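Here's the structure, in structure tokens; my notes come after.
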Amino acid sequence: MIKWLETNTPKLVLAPSFVAVLIFVYGFIAWTAWVSLTRSRLLPKYEIDGLIQYDRLFASPRWDTAFNNLFLFGFLFITIAMILGLSLAILLDQNIRTEGAIRTIYLYPMALSMIVTGTAWKWILNPGLGLEATVRGWGFEDFTFDWLINPDMAIYTVVIAAIWQSSGFVMALFLAGLRSVDQEIIKAAQVDGIPTWRVYTAIIIPSMAPIFLSAFIVLSHIAIKSFDLVIALTGGGPGYATDLPATYMYTMAFSRGDIGQAASSAMIMMMVVFAIIVPYLYSELRSKDD
């Protein structure tokens, strides 16, 4: 008995967590996939009725806006956050005196929740009491910055807030990567008279490809699940101009009482996540096999 316990104790300890994950993660994913194939509205139905919910989803102008916003927001957010994070990392890699202070300042936003970030930027960008009101108070009466209430520009306010939140984290990733590069290679390049900018572009940055991929995966995950930031900053408005798939799903499930639409949108979001994660996992497993 004692020997059996020694052998199986790890399995017994992990069993409750395994069962919980199996039921509350994979079980509900399967339930959502099933409901997305039914005519469920306020209450779930379990009779399979084909892809009617997906037909409704792709015919919805609101979903079209939300899906387009995801790609626009994701592209700008990921691109700018990575460029800004890399630039800050290269700056700090020069061993400047104020490195500790700058690193703390740029990492601090990651300690805040998306709700706090969204609320703070909502105040900053509010035309009546934020940036526009402040600049006009300085005497520039013609200054306008009404992106928050402009349907064509509101999505860019979400990009600004998300970049502010995440660029410090990207900076920390890249700084760790820069400091892990073999210094002997860099010194040899400098001895050969290669300019510093060329050392970075030809030697250091190319060697950081795995870190770029990791940063891309993390930022993609943040972009896809940026529900709380949008809710706190714009509420999905004006109208539904800043809707993302996550906010669309929430609205359909809890405001409109349309579970079928919520389930189908959730499955599309999961497919987008798989489209990002699966190639990453494949490349990781392939590199380990090699």
Side-chain angles (χ1 to χ4, degrees), residues 60-89 91 98 101-102 104-171 215 219-252 255-256 265:
S60 169
R62 183 166 186 171
W63 170 256
D64 188 52
T65 298
F67 205 63
N68 289 337
N69 281 345
L70 175 62
F71 284 98
L72 176 62
F73 167 69
F75 173 76
L76 293 176
F77 165 57
I78 294 171
T79 302
I80 298 174
M82 291 183 73
I83 292 174
L84 182 59
L86 179 61
S87 301
L88 290 170
L91 172 66
T98 57
I102 294 175
T104 301
I105 291 171
Y106 279 96
L107 280 175
Y108 176 74
M110 281 299 296
L112 304 176
S113 70
M114 285 289 193
I115 292 291
V116 174
T117 297
T119 302
W121 279 95
K122 185 175 183 177
W123 293 339
I124 294 171
L125 300 176
N126 189 311
L129 53 87
L131 180 65
E132 179 177 312
T134 301
V135 175
R136 288 189 176 189
W138 293 341
F140 300 94
E141 296 294 336
D142 296 330
F143 178 80
T144 58
F145 195 86
D146 61 349
W147 287 12
L148 194 64
I149 59 175
N150 185 337
D152 296 326
M153 303 300 294
I155 188 64
Y156 299 106
T157 64
V158 183
V159 174
I160 292 171
I163 291 171
W164 180 84
Q165 173 94 22
S166 303
S167 59
F169 171 72
V170 179
M171 175 201 71
L219 293 176
S220 298
H221 177 258
I222 293 173
I224 293 171
K225 72 178 188 66
S226 292
F227 166 80
D228 39 5
L229 177 62
V230 174
I231 291 297
L233 180 57
T234 65
Y240 52 80
T242 56
D243 252 357
L244 293 175
T247 58
Y248 178 90
M249 178 185 64
Y250 179 86
T251 301
M252 291 297 113
S255 299
R256 299 291 184 87
S265 62

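Worth saying up front: this structure is predicted, and the values here are computed from it rather than measured. What you see below is based on every heavy atom in this structure, not just the backbone, and it leaves out hydrogens, waters and symmetry mates.
- Of the inter-residue distances, the one linking Asn69 atom CG with Ile155 atom CD1 reads 4.0 Å to the nearest 0.5 angstrom.
- Checked against side-chain contact (heavy atoms from CB on, under 4.5 Å), Ala223 has the following partners two or more places apart in sequence or in another chain: Phe73, Phe77.
- Leu91 places none of its side-chain heavy atoms less than 4.5 Å from the side chain of Met171.
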Which donor-acceptor pairs under 3.5 Å do the side chains of residues 243-251 make with protein atoms, sequence neighbours left out?
from: Asp243; atom 1: OD1; to: Thr247; atom 2: OG1; distance (Å): 2.9
from: Asp243; atom 1: OD2; to: Arg62; atom 2: NE; distance (Å): 2.5
from: Asp243; atom 1: OD2; to: Arg62; atom 2: NH2; distance (Å): 3.0
from: Thr247; atom 1: OG1; to: Leu244; atom 2: N; distance (Å): 2.8
from: Thr247; atom 1: OG1; to: Leu244; atom 2: O; distance (Å): 2.8
from: Tyr248; atom 1: OH; to: Gln261; atom 2: OE1; distance (Å): 2.9
from: Thr251; atom 1: OG1; to: Thr247; atom 2: O; distance (Å): 2.8

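- Residue-environment remark: CZ (Phe227) exceeds the threshold of 12 foreign heavy atoms within 6.0 Å.
- Applying the ring pair (Phe, Tyr, Trp, His ring centres under 6.0 Å) criterion to Phe145, with sequence neighbours excluded, gives Trp147.
- Listed by chain and number, the residues in a side-chain contact (heavy atoms from CB on, under 4.5 Å) with Ser113 are Ile115, Val116 (sequence neighbours excluded).
- Judged as a side chain to side chain donor-acceptor pair (under 3.5 Å), the pairs with a partner in residues 158-168 (not counting sequence neighbours) are, in order, Thr117-Gln165.
- Pairs engaging residues 134-159 under the salt bridge (Lys or Arg N to Asp or Glu O under 4.0 Å) rule: Glu132-Arg136 [sequence neighbours left out].
- Considering only residues two or more places apart in sequence or on other chains, Phe71 meets the ring pair (Phe, Tyr, Trp, His ring centres under 6.0 Å) condition with Phe67.
- Residue pairs meeting the salt bridge (Lys or Arg N to Asp or Glu O under 4.0 Å) criterion with at least one member in residues 64-80, sequence neighbours excluded, do not occur.
- Distance check: Ile80 CD1 to Leu219 CG gives 11.5 Å after rounding to the nearest 0.5 Å.
- Across every non-hydrogen atom of Leu107 and Gly168, the tightest pair is CD2-O, 3.3 Å.
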Pair up each side-chain donor or acceptor in residues 229-241 with any protein partner under 3.5 Å, not counting sequence neighbours, and list the distances.
from: Thr234; atom 1: OG1; to: Val230; atom 2: O; distance (Å): 3.3
from: Thr234; atom 1: OG1; to: Gly236; atom 2: N; distance (Å): 3.2
from: Thr234; atom 1: OG1; to: Thr242; atom 2: OG1; distance (Å): 2.6

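- Note on residues 104-126: no pairs pass salt bridge (Lys or Arg N to Asp or Glu O under 4.0 Å), not counting sequence neighbours.
- To the nearest 0.5 Å, atoms CH2 (Trp121) and CG (Leu148) are separated by 11.5 Å.
- Residues Pro127 and Ile149 approach most closely at CG-CD1, 4.0 Å, considering heavy atoms.
- Here the closest heavy-atom approach between residue Leu131 and residue Phe143 is recorded as O-CE2, 4.2 Å.
- Legend: salt bridge (Lys or Arg N to Asp or Glu O under 4.0 Å) pairs involving residues 69-89, not counting sequence neighbours: none detected.
- Ile102 is linked by a side-chain contact (heavy atoms from CB on, under 4.5 Å) to Leu92, Ile96, Thr98, Tyr106, counting only residues two or more places apart in sequence or in another chain.
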